[in-house]
> 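Would you mind keeping the following structure in view while I ask a few things?
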Amino acid sequence: MSAHYDVVLLGEPLVEVATTEPFGHGVAATLGVSGDVVNAAAAAAAAGARVAIIARVATGELGDAVVARIRALGVDDALVRRVRGQQGVYLLHSDPSGQRQFSYARAGSVGAGLSPGDLDADTLATAGAVLASGITAALSTSARDAVLAAAKLGRRFVYDPNFRPRLTTSAAAAAVLTDLAPLAALLTPSAPAETAALLGTGDPAAAVTRLRELGAGAVAVTCGERGVHVSPGRGAPDQWVPAVPAPAVVDQTGAGDVFVGTVAARLALGDDLQDAVRLGTAAASLAVGGQGGTGLIADLQEVRAHAGAA
């Protein structure tokens with residue numbers, strides 16, 4: 001019998017090599033574990049959900065470190081497959097102003113081999129929410145097929161387009177979004193850049209209209225420091241949830257992942273969309289105070305207090 005989870009996520013965990021200076025010989029670095037799926041899963045677990053990741057992780061020492069970190073974050077690794085091959089890695093340099101430099105070593109990685117065969121249909125069908133991103137869909141044809149299959153199996157599918165030009169083209173990402181929108185209970189695109197690339201508009205309200213035309217359910221368009229345009233659907237009026245000011249900004253990596261992971265968890269646990277989004281913005285606001293994608297994942301009590309103070 002399959003285990004029951006509040007949130008199940010698909011994606012590629014990555015080894016993170018973070019620096020506080022631009023890349024160069026002799027620059028000191030900190031080793032970590034990140035990737036959008038890990039960041040979002042950590043946030044979902046911190047938000048009170050029982051969480052599992054579906055992923056492929058390499059055998060060997062790097063893979064061992066990845067799995068150990070996943071467990072330490074309170075995430076179940078029972079659905080993680082250990083596979084011989086290259087573990088995905090990325091290098092990150094960031095500064096508090098938000099300037100970031102990324103370099104990926106993930107071509108041909110074991111994570112890119114994610115496929116529909118890695119899915120457990122019963123687990124996905126009974127999960128409170130199933131979460132995937134455009135990054136996962138862009139890894140490979142088989143990973144895209146896995147995301148589509150998971151969307152069809154899950155009863156509450158949450159999709160973060162998370163468009164990355166280094167991984168895919170805007171046309172290909174828009175095509176995936178078109179396929180997934182009718183299957184999604186919630187879409188979380190960002191504006192203006194992402195919605196402009198995928199939907200042809202930087203305006204949040206216009207983006208919602210376009211996604212409705214594609215058959216989407218609820219939509220939460222994140223607008224950076226301004227806040228989130230929330231469209232619950234089913235005849236309910238759109239709402240604006242203001243952003244929560246960050247106490248400190250060290251590294252903005254993973255803030256969007258923390259947002260969507262928190263929202264998915266709180267929806268799965270029974271919160272309404274506006275309340276879930278409010279907590280998601282607060283969690284993301286705190287997350288930028290840590291170094292790396294999972295450098296600061298606040299617990300639910302701290303997130304609630306931060307949201308309330310705002």
Side-chain angles (χ1 to χ4, degrees), residues 7 9-10 36 40 43-44 47 127-138 147-148 150-152 154-164 170 173-244 255-284 307:
V7 182
L9 304 92
L10 292 76
D36 67 310
V130 175
L131 172 58
S133 82
I135 290 176
T136 303
V147 171
L148 184 60
K152 293 176 179 177
R155 57 191 172 95
R156 180 188 282 116
F157 179 65
V158 179
Y159 183 66
D160 179 8
N162 221 343
F163 174 55
R164 293 292 182 268
S170 58
V176 172
L177 179 58
T178 298
D179 289 341
L180 290 173
L183 303 170
L186 174 65
L187 296 171
T188 62
S190 63
E194 186 171 78
T195 56
L198 304 185
L199 299 168
T201 178
D203 177 66
V208 168
T209 298
R210 176 64 181 134
L211 290 170
R212 290 267 182 262
E213 293 170 349
L214 294 175
V219 181
V221 183
T222 60
C223 304
E225 295 179 355
R226 292 173 52 210
V228 185
H229 182 110
V230 179
S231 182
R234 298 182 179 179
D238 287 8
Q239 304 154 343
W240 180 259
V241 175
V244 179
D257 308 326
V258 169
F259 169 81
V260 71
T262 302
V263 172
R266 296 314 307 171
L267 290 176
L269 293 170
D271 289 6
D272 66 28
L273 180 58
Q274 186 174 17
D275 287 342
V277 167
R278 186 175 293 108
L279 289 176
T281 60

> If you take all heavy atoms of T201 and A207, which pair is closest and at what distance?
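Heavy-atom minimum between the residues: CG2-N, 3.7 Å.
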
> Roughly how far, to the nearest 0.5 Å, is OG1 of T136 from CG of L10?
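Answer rounded to 0.5 Å: 6.5 Å.
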
> Ignoring hydrogens, what is the shortest heavy-atom contact between A150 and V130? Give both atom names and the distance.
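Closest approach of A150 to V130, heavy atoms only: CB-CG1, 4.2 Å.
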
> Go through D275 and L279 one step at a time and tell me if the side-chain contact (heavy atoms from CB on, under 4.5 Å) criterion holds.
CA-CA 6 Å; D275 287 342; L279 289 176; 5.8 Å; no

> Which pair of non-hydrogen atoms, one from V176 and one from A137, has the smallest distance, and what is that distance?
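Reported closest heavy-atom pair: CG1-CB, 3.9 Å.
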
> Given the rule in the side-chain contact (heavy atoms from CB on, under 4.5 Å) test, do T195 and L211 qualify, once you have shown the distances and angles that lead to the verdict?
CA-CA 10 Å; T195 56; L211 290 170; over 6 Å; no

> When you measure from the side chain of R266 to the backbone N and O of A47, does any donor-acceptor pair fall under 3.5 Å?
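Looks like yes, one N/O pair under 3.5 Å.
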
> Can you pull the salt bridge (Lys or Arg N to Asp or Glu O under 4.0 Å) pairs that have at least one residue in residues 198-220, sequence neighbours excluded?
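Listed by first then second residue: R210-E213.
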
> Testing the basics here: between V221 and V208, what is the closest heavy-atom pair and its distance to 0.1 Å?
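Looking at all heavy atoms of both residues, the shortest contact is CG2-CG2, 3.9 Å.
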
> Show me, pair by pair, the donor-acceptor contacts under 3.5 angstrom made by side chains of residues 184-194, not counting sequence neighbours?
unit_1: E194; atom_1: OE1; unit_2: S190; atom_2: N; d: 2.9
unit_1: E194; atom_1: OE2; unit_2: N162; atom_2: N; d: 3.0
unit_1: E194; atom_1: OE2; unit_2: F163; atom_2: N; d: 2.6

> Does the S231 side chain pair with the main chain of D238, one donor and one acceptor, at a distance under 3.5 Å?
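Judged by distance alone, no pair lies under 3.5 Å.
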
> Give, for atom OG1 of T178 and atom CG of L214, the distance between the pair rounded to the nearest 0.5 Å.
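If we round to the nearest 0.5 Å, T178:OG1 and L214:CG are 5.0 Å apart.
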
> State, yes or no, whether a side-chain contact exists between P232 and Q239 at a heavy-atom distance under 4.5 Å.
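Touching, per the 4.5 Å side-chain cut-off.
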
> Show your reasoning for whether side-chain contact (heavy atoms from CB on, under 4.5 Å) applies to F259 and V277.
CA-CA 8 Å; F259 169 81; V277 167; 4.0 Å; yes

> Using modelled atom types only, decide if a donor and an acceptor are shared between the side chain of R226 and the backbone of A243 within a distance under 3.5 Å.
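Answer holds: no.
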
> Please give me the minimum heavy-atom distance between L131 and G261, naming the atom from each residue.
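Distance-wise, the nearest heavy atoms are CD2-CA, 4.1 Å.
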
> So, do L148 and L183 sit near enough that their side-chain heavy atoms are less than 4.5 Å apart?
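Yes, side chains in contact.
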
> Go through F157 and L180 one step at a time and tell me if the side-chain contact (heavy atoms from CB on, under 4.5 Å) criterion holds.
CA-CA 9 Å; F157 179 65; L180 290 173; 4.1 Å; yes

> Determine the minimum heavy-atom distance between A284 and V258, stating which atoms define it.
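Closest approach of A284 to V258: N-CG1, 3.8 Å.
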
> Within the 4.5 Å heavy-atom criterion, are V263 and V158 side-chain neighbours or not?
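A side-chain contact is absent here, since even the closest heavy-atom pair is not under 4.5 Å.
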
> Would you compute the distance between atom CG of L9 and atom CG of D36 and round it to the nearest 0.5 angstrom?
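So the gap between those two atoms works out to 9.0 Å.
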
